[in-house]
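Comments concern the structure below.
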Amino acid sequence: MESIKKRTPARFKQMSIPYLFTLPWIIGFLAFTLGPLIFSLIISFYEWPVVGDKTFIGLANYKEMFTNDPLFWESLGVTMKFAVLFVPLNIIIALLLAMLLNKNVKGSGFFRTAFYLPSVISGVALAMIWSWVFDGEYGILNYILSVVGIEGPKWLISPTWAPVAMVIASLWGQGSMMLIFLAGLKNIPKDMYEASAIDGAGKWKQFTRITLPMLSPTILFNLITTIIAAFQQLTLALVMTGGGPLNSTYFYAMYMYENAFKYSKMGYSSANAWFMFAIVLSLTLIVFKSSSAWVYYEGEMKHSKK
């Protein structure tokens, strides 16, 4: 009995060591993630100016958002349209780049670095670069189009072309997603391609019957992160267009940002943020629910229902 008591403090000390190593992360998570998250939910039920008295108003912020704020619906519609274009294009282009880099060709390391580099550039710097590229008078894109006899549009001052410019600029920084796809491609056994080639399968059949199914868990991860990124789009529009022209690039994230820091309505902006959280969560759950029909996990066998 005494030996057990003597060993208990030593055992406790041994078991607490892993928690001591994770303690900085836990403190950071509580202080900078969970704490602000709960606080934003609380102030969403208040009229909370930056300076002045705070007043509890219940669900009034949410009621105003849904019934008396046309900018709410307009910004949400702009973001939805952006997401419809951005999400599939981002995944397709990242997958194509990863498949190109997966080839054992000379210089693949250089291109891997070149394709990844834009994703580590500051968002503001990237937005400034694209502002020069899309300049209607002196932009390099319109210059290239003029060389082949095409008159380029006024990209950033046209309500039709400004959203397209946002999508193109957003596609530039997809290096992280490309590397994730590349890692997934590296994990696909080459024996499967060799066996299918012996059976007479062509490149397209190998892609649809081997590459896509084996890569489906990676596609699921990238799909969810891309949906989240689409709803968080802010920097490019804030720097390049300021939400214009005619609110054609007035994204929902900019709507939240201006409510908080331009109009000093912190409580109302928090309500906006929680509604966006609900939308992203709902879309994520829908994707997860549908994943059982198209995501294949190694070692998993799906049985058809009779």
The test is side chain to side chain contact (heavy atoms under 4.5 Å, CB included); show your working for Phe288 and Leu220 and say whether it passes.
CA-CA 8 Å; Phe288 268 118; Leu220 173 65; 4.1 Å; yes
Between CD1 of Ile121 and CE of Met128, what distance do you get to the nearest 0.5 Å?
13.5 Å
Looking only at non-hydrogen atoms, find the nearest pair between Ser270 and Ser40 and report the distance.
CB-O, 3.2 Å
Ala271 versus Met65, closest heavy-atom pair with distance
O-CE, 3.9 Å
To the nearest 0.5 Å, atom CG of Leu95 lies from atom CG of Leu185 at 6.5 Å
Kindly check if the number of other-residue, nucleotide or ligand heavy atoms within 6.0 Å of NZ (Lys186) is above 12?
yes
So, taking the atom named CD in Glu74 and the one named CG in Leu246, what distance separates them when rounded to the nearest 0.5 Å?
9.0 Å
Qualifying residues under side chain to side chain contact (heavy atoms under 4.5 Å, CB included), relative to Leu37, sequence neighbours excluded
Trp274
Cluster link Phe32 to Ile43, ILVMFWY, side chain under 4.5 Å:
no
Can you name the side chain to side chain contact (heavy atoms under 4.5 Å, CB included) partners of Leu100, sequence neighbours left out?
none
Please say which of Trp132, Trp130, Tyr138 ends up in a ring pair (Phe, Tyr, Trp, His ring centres under 6.0 Å) with Phe134.
Trp130
Scan the side chains in residues 17-31 for donor-acceptor partners under 3.5 Å anywhere in the protein, sequence neighbours excluded, and list what turns up.
{"residue": "Thr22", "atom": "OG1", "partner": "Pro18", "partner atom": "O", "Å": "3.4"}
{"residue": "Thr22", "atom": "OG1", "partner": "Tyr19", "partner atom": "O", "Å": "3.1"}

Taking C-beta and beyond as the side chain, do Phe45 and Ile57 meet within less than 4.5 Å on heavy atoms?
no
Shortest non-hydrogen separation from Leu76 to Ile279 and the atoms involved:
CD1-CD1, 3.6 Å
Would you check, one step at a time, whether the test side chain to side chain contact (heavy atoms under 4.5 Å, CB included) holds for Ser176 with Tyr116?
CA-CA 7 Å; Ser176 298; Tyr116 178 74; 3.7 Å; yes
Would you call Thr79 and Gln233 a side-chain contact if the rule is heavy atoms closer than 4.5 Å?
no
Identify whether Leu97 and Leu179 are in the same connected component of the hydrophobic contact network (ILVMFWY, side-chain heavy atoms under 4.5 Å).
yes
For the NZ atom on Lys54, are there more than 12 heavy atoms of other groups (residues, nucleotides or ligands in this structure) within a distance under 6.0 Å?
yes
Using 0.5 Å steps for rounding, measure from the OG atom of Ser196 to the CG atom of Asp191.
10.5 Å
Using atom types as modelled and distance alone, determine if a side-chain donor or acceptor of Ser269 lies under 3.5 Å from a backbone N or O of Met266.
no
With a cut-off of 6.0 Å (strictly less than), are more than 12 heavy atoms of other residues, nucleotides or ligands near CG of Asp53?
no
Apart from Val84 itself, what residues make up its hydrophobic cluster, given side-chain heavy atom links below 4.5 Å?
none
Scan for salt bridge (charged side-chain N to carboxylate O under 4.0 Å, His left out) pairs involving residues 80-94, sequence neighbours excluded, and state none if there are none.
none
Pairs touching residues 207-222 that satisfy side chain to side chain donor-acceptor pair (under 3.5 Å), sequence neighbours left out:
Tyr193-Thr211
State whether the side chain of Asn102 and the backbone N or O of Leu182 hold a donor-acceptor pair below 3.5 Å, judged by distance alone.
no
Does any pair with a residue in residues 133-148 pass salt bridge (charged side-chain N to carboxylate O under 4.0 Å, His left out), and if so which ones, sequence neighbours excluded?
Glu137-Lys154
All pairs passing ring-ring contact (aromatic ring centres under 6.0 Å, His included) where residues 85-104 contributes a residue, at least two apart
Phe82-Phe86
Contacts of Ser290 that satisfy side chain to side chain contact (heavy atoms under 4.5 Å, CB included) - sequence neighbours left out
Trp294
Sequence neighbours left out, what pairs pass side chain to side chain donor-acceptor pair (under 3.5 Å) with at least one residue falling in residues 249-258?
Asp69-Tyr255, Thr241-Thr249, Tyr250-Glu258, Tyr255-Tyr268
In this structure, OG of Ser170 is separated from CG of Leu236 (nearest 0.5 Å) by 5.0 Å
If I compare all heavy atoms of Arg112 with all of Met178, which pair ends up nearest, and what's the gap?
O-CE, 4.0 Å
Could you walk me through whether Leu223 and Ile91 satisfy the side chain to side chain contact (heavy atoms under 4.5 Å, CB included) test, starting with their C-alpha distance in whole Å, then the side-chain angles of each, then the deciding distance to 0.1 Å, before giving a yes or no?
CA-CA 7 Å; Leu223 175 60; Ile91 292 176; 3.6 Å; yes
Minimum heavy-atom separation for Ala162 and Gly244, please, with both atom names.
CB-O, 4.4 Å
Note: Met256 and Asn272 closest approach over all heavy atoms is CG-CB, 3.4 Å
Members sharing Leu96's hydrophobic cluster, built from side-chain contacts under 4.5 Å between Ile, Leu, Val, Met, Phe, Trp and Tyr, are Ile92
Taking the six-membered ring for Trp, are Trp48 and Phe39 parallel (under 30°), tilted (30 to 60°) or perpendicular (over 60°)?
perpendicular
Joint hydrophobic cluster, Met214 plus Phe207, side-chain heavy atoms closer than 4.5 Å
yes
Decide if atom CD of Glu47 counts as having more than 12 heavy atoms of other residues, nucleotides or ligands within a radius under 6.0 Å.
no
For Ser44, is there any backbone N or O sitting under 3.5 Å from a side-chain donor or acceptor partner on Asn61?
yes
Worked check of side chain to side chain contact (heavy atoms under 4.5 Å, CB included) between Ile210 and Ile188:
CA-CA 8 Å; Ile210 298 176; Ile188 301 176; 4.1 Å; yes
Non-neighbouring partners of Val164 that pass side chain to side chain contact (heavy atoms under 4.5 Å, CB included), sequence neighbours left out:
Trp155, Trp161, Ile168
Hydrophobic clusters here meaning ILVMFWY residues chained together by side-chain heavy-atom distances under 4.5 Å, can you tell me if Phe221 and Val295 are in one?
no
Between CH2 on residue Trp172 and CD on residue Gln174, distance to nearest 0.5 Å
10.0 Å
Does Leu126 belong to the same Ile/Leu/Val/Met/Phe/Trp/Tyr cluster as Val120, with side-chain heavy atoms less than 4.5 Å apart forming each link?
yes
